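Quick note: numbers below take in every heavy atom, side chains included, and nothing from hydrogens, waters or symmetry partners. Letters go in sequence order (proteins before strands), and every chain restarts at 1. In this text, all values refer to a predicted model and were calculated from it rather than measured experimentally.
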Amino acid sequence: MSRDIPVGRGEPSPDENGKLERAWGTPPGLVGWLSSIDHKVIGYRFIVTAMAFFAAGGILAALMRLQLAVPENSLIGPDLYNQIFTMHGTTMMFLFAVPVMQAMGVYLVPLMVGTRNIAFPRLNAYAYWIYLFGGLMIYTAFALDIGPDAGWFSYPPLAGPEFSPGKRVDFWAQLITFTEVSGLLTSIVLITTILKLRAPGMTLDRMPLFVWAILVTSFMIMFAMPAIMFASTGLITDRLVGTHFYNPAEGGDAMLWQHLFWFFGHPEVYIIFIPALGFISSIIATFARRPVFGYPVLVLSMIATGFLGFGLWVHHMFATDAPELGKSFFTAASMIIAIPTALQIFCWITTLWNGRLNFRVPLLFVLAFFFILVIGGLTGIMLASGPLDLQVHDTYFVVAHLHYVLIGGAVFPLFGAFYYWFPKITGRMLNERLGRWNFWLFFIGFNVTFFPMHHLGLYGMPRRVYTYPANVGWSDLNAVATLGAVVIAVSMLLFLVNVIRSYRSGARSPHDPWSAPTLEWATASPPPVYNFARIPIVASREPLWGPSGIVGRVDGLSMDPPENLVTCVLDAAPDHRSVYPRPGIWPFLSAVATTVLFVGSIFTPWAIVWGAVPVAIALTAWFWPGKDEIDEHLALERKP
Amino acid sequence: MSARLNFASSVLAALSGVAYGAPFQNALLPAGVQADHVHTLWLIMLGTCTVVFIALFTAFVAALWRAPRSTEETPPQTSRTTGTERGATRAVALGAALSIAGLLGLLVASVVTDRALAGLPLKDGLVIEVNGQQWWWQVTYAPGDPSRTFETANELHIPVGRPVLLKLQSPDVIHSFWVPNLAPKKDLIPGRTLTLTLRADTPGVYRGQCAEFCGYQHAKMAFLVIAEEPAQYEQWAQSQHDSAKEPADAVRKRGRQVFMESPCVMCHAIQGTRANARTGPDLTHVASRMTLAAGTLPNTRGHLAGWITNPQQVKPGANMPAVTLPADDLQALLTYLESLK
């Protein structure tokens, strides 16, 4: 089943491995634990944290389904319900979907491009801590009954100071600040890693499709985040210091928020969706035993989606007074974006058609995409049409649509990815039998929950209602949906059991349990701290398939101090060596200082002034060059 | 119109295996020309998308069916050994061409529908101003014409066959006006006036509901649209325009006095009396309305009593304060309010 790691010239000795281990490793103890900058450690924490938030968001969803199971239910009142659905949406979008995709990128990209560690590792650690602290802040607020209650979209004036007094929406707005900072920094880290740290020979057209997906996503985050950054800052200042960005009475405009929010919010959907396309391409190739058909089509489709995703935001605003001609433009743009997705689906079906299929659990999860996402995509085309959208906009039809797109398009492939890469991350296989139960229950439960919601929307049920009367004819379908939610919950429990059992006592995984084509499988499972003892030299798109995939190994990098190879953007020719930073506590402490500033500013604007002092101190300490470090650099300069 | 209850939606309903939604709040049972346009578009979209789904899914299942099975040991093909794959290229190109053609068709259908919606002739139209607020609907007929204007709440009467121009405004947060049987929805945005045109073609009572999340009681911000024959409508409009009648007996007189001396008068208006506040719904003809608390309760004496004495039970967070009255006073007040037809 497994193969040996392809060996190039100069395989390191055990002694050298020990040296590498010391140079790249994390110091022991609690301080060491907080100081780690290894992309695998950070990526692993990132994934686990995001999944914990997924579980929390899922529990909130289950509570909503219980409340809506019967009409006029008094289980949850409007105050709590509004907090719950706001927290559910906020959690799933800001604390689960985007972070988990970035987290998978943080863990996998350096391995896939064959480098020793990620670029800007301390920044990466800082981004993780900021994300974690933001998430903890919002859940603390929620536990104290000051959770946000104006929706994950927080439209002013409802979210403004007049109609949402108190601190609830402030916590929401600051959570956005946390996730903006984290998301942007992680994007910088990933883009730099992809463009500058690829193994020699891995030209752009040999990059794995998942890496392309992360590259496109990261650029989208860089362009989408500034819009929400301005929007949420305007909301905070409206609420805290009396600006009037969104107050029509003082020359502001409630519509400004909607434009800015959706200019971010629609690309956000593709930011979640595109990495999943990368999972699908990786998994289909491995389990169809052939490369995915149409590599250039897939790459260009993802790039096209990345661009087009910015041109559709007004389709969330068809019910406003945007000009009719403008709406037609956005209808056309929203339909056009179906074309790159359709092209990718055609390419994958063609790949399956001409492949030889190995129906393991990762493939099952990916195949569900072709049922669920296609339905979600087709209802998406319906919603793109202005007039039709106006009937079903803000109804359960849209709830059905968005879950078909996000769960079918991103969560099912993500679960496939977990089953696929779990052996690489933990060194153990997930149980196949439990995996199949997990898959089928999830698939059935999902459709039972969300398919009837299409009908509910057409029958007039609006979104975000905490209850409904008995005589409007929505009771049966709501009961069915709640039943489906129970099935989903069972399937998620099975997944949890599977992960815990397999993590403790699952079958040991070889380096490459699936006989896959990409570089992450060329190293041990779990990978050593330095990823590759010798960086491979790549000569093919599928370096582990075929005899001439890896044509050699890089030699001549310093082992201690740790050195990494930097290559050119286009053709990945060796460019220069760079000394890698040592682990340190300052990224963590900087994140703590930043958190104090962010949370403090909810209560007083002065927190921004005084809170900046510890942040500045921590950042200065972070970048202060130590004498040892300078000596090491100088030594390397003299002795190449 | 219900004869046009279409095959496709019956199939969908059958697919879900449960009862059909209510007929009075339902986008699939258009009772007006605007909803009908969108319904036609829906059928075109549903038909096209169903065909696309079946075609795609068939290809997908066929691919899984025909592809040989493998294991991890099966030697893989690589980019070098798969070659150019002309057949696959042609299949993908054909799929792309069909997708583009299909999308173009749907785009045209959408734009044509847009034109039809915008093209509703408004000659001789009825103008109604709707002010959505947390969490009820203030409705003003013939705004700006002092001789004909009158105000009501949470209930619109419109004549069948006559176009209606709704002027939508909000004094607080964003709401959305939606009667699925009659027309697609439109937002009410503070600081702006949006318009929505519709025409009811089938008489009936249609339920609508706020569709944009507007806070605490978004769920209980409903209203009714009563589409009736023009003669009936004229009669209704005339009676609504009249001021409240003088109380006919002592109990009602006492009821009016209770009203004037209790917190009621701080927020509500009754035309023809001193009560002239505009914070809450105009009660001049409250007894003529079918529901209370924005479509939350049927308008009966018992519900009215419950709503006055304990509104937070019915609609937690509503801006209506509880009014505690001695039993006699309450009964007198109810009798008076019930006389406001």
Side-chain angles (χ1 to χ4, degrees), chain A residues 1 77-78 151 155 157-158 163 248 254 289-291 293-294 319-321 324 328 331-332 335 338-339 342-343 346-347 349-350 352-358 370 374 378 382 385-388 390-391 393-394 452 455 458-460 462 464-467 472-473 476-477 514-515 541-542 545-546, chain B residues 16 18-19 21-22 25-28 38 41-42 45 49 53 56 59-60 63 67-72 74 76-79 82 85 88 91-92 95-96 99 103 107 110-111 113-114 117 173-174 176 180 184-187 189-192 194 209 211-219 316-317:
Chain A
M1 191 144 119
Y155 277 9
L158 181 63
F163 298 100
R289 312 298 304 146
R290 53 157 292 158
F293 171 76
T320 67
D321 58 348
E324 292 304 323
S328 298
T331 292
M335 287 189 173
I339 293 171
L343 276 172
F346 299 151
C347 286
I349 292 182
T350 312
L352 295 168
W353 187 282
N354 291 323
R356 283 161 293 169
L357 306 180
N358 181 11
F370 291 88
V374 170
L378 291 171
M382 296 176 181
S385 156
L388 189 52
L390 289 176
Q391 273 291 24
H393 174 71
D394 269 333
H455 301 70
L458 292 163
Y459 300 161
R464 300 159 187 146
V465 290
Y466 75 99
T467 190
V472 284
D476 298 344
L477 291 174
W514 315 113
S515 173
R541 238 176 239 163
E542 304 91 28
W545 282 354
Chain B
S16 60
V18 287
Q25 185 169 351
N26 199 323
L28 300 179
V38 180
L41 179 63
W42 157 252
M45 289 264 182
C49 290
F53 180 78
L56 211 54
F60 169 69
R69 301 294 175 257
S70 68
T71 68
E72 287 77 24
T74 312
Q77 288 177 285
T78 67
S79 302
T82 49
E85 305 194 86
V92 171
S99 310
L103 284 170
L107 179 62
S110 172
V111 172
T113 309
D114 247 336
L117 287 174
V173 304
I174 302 174
S176 195
K185 64 181 67 65
K186 196 78 159 184
D187 286 354
I189 303 172
R192 293 166 185 243
L194 276 67
Q209 203 168 344
E212 179 65 65
F213 179 65
C214 57
Y216 227 70
Q217 277 299 347
H218 167 56

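- The distance from atom CG of B:D114 to atom CG of A:L390, rounded to the nearest 0.5 Å, is 8.0 Å.
- Both the backbone and the side chain of A:P291 come within less than 4.5 Å of a heavy atom in chain B.
- Side chains of A:S515 and A:R289: a donor on one and an acceptor on the other come within 3.5 Å.
- Counting heavy-atom pairs under 4.5 Å between each of B:A27, B:A67, B:G191, B:P68 and chain A puts B:P68 at the top.
- Of the listed residues (B:A63, B:G95, B:S70), the greatest number of heavy-atom pairs within a distance under 4.5 Å of chain A belongs to B:S70.
- Taking CD of B:Q77 as the start and CD of B:E85 as the end, the distance is 7.0 Å to the nearest 0.5 Å.
- Atom CG of A:L352 sits about 9.5 Å away from atom CZ of A:R290, to the nearest 0.5 Å.
- A salt bridge links A:D394 to A:R464: at least one charged side-chain nitrogen sits closer than 4.0 Å to a carboxylate oxygen.
- Both the backbone and the side chain of A:Q391 have a heavy atom closer than 4.5 Å to some heavy atom of chain B.
- B:K185 places a side-chain N or O within 3.5 Å of a backbone atom of A:H393 that can act as its donor or acceptor partner.
- For the options B:T78, B:L41, B:I174, heavy-atom pairs under 4.5 Å to chain A are most numerous at B:T78.
- A:F163 touches chain B through its side chain: at least one heavy atom from C-beta onward sits under 4.5 Å away, while N, CA, C and O do not.
- Of the listed residues A:P248, A:P462, A:G151, A:A319, the one with more heavy-atom pairs under 4.5 angstrom with chain B than any other is A:A319.
- In terms of heavy-atom pairs under 4.5 angstrom with chain A, the leader among B:L117, B:D187, B:T113 is B:D187.
- Options A:Y155, A:W353, A:F293 differ in how many heavy-atom pairs under 4.5 Å they form with chain B, and the most are formed by A:W353.
- Note: A:L357 leads A:I349, A:L357, A:L343, A:V472 in heavy-atom pairs under 4.5 Å with chain B.
- Heavy atoms closer than 4.5 Å to chain B are found in both the backbone and the side chain of A:A332.
- Atom-to-atom distance recorded for A:D321:CG and B:R192:CZ is 4.5 Å, nearest 0.5 angstrom.
- Contacts between A:S385 and chain B at a heavy-atom distance below 4.5 Å involve backbone atoms as well as side-chain atoms.
- The most heavy-atom pairs under 4.5 Å with chain A, out of B:C214, B:A96, B:S79, B:A59, come from B:S79.
- Qualifying ring-ring contact (aromatic ring centres under 6.0 Å, His included) partners for A:F370, counting only residues two or more places apart in sequence or in other chains: B:F60.
- In terms of heavy-atom pairs under 4.5 Å with chain A, the best-connected choice from B:S176, B:S99, B:A91, B:A211 is B:A211.
- The distance from atom CH2 of B:W42 to atom CG of B:L28, rounded to the nearest 0.5 Å, is 6.5 Å.
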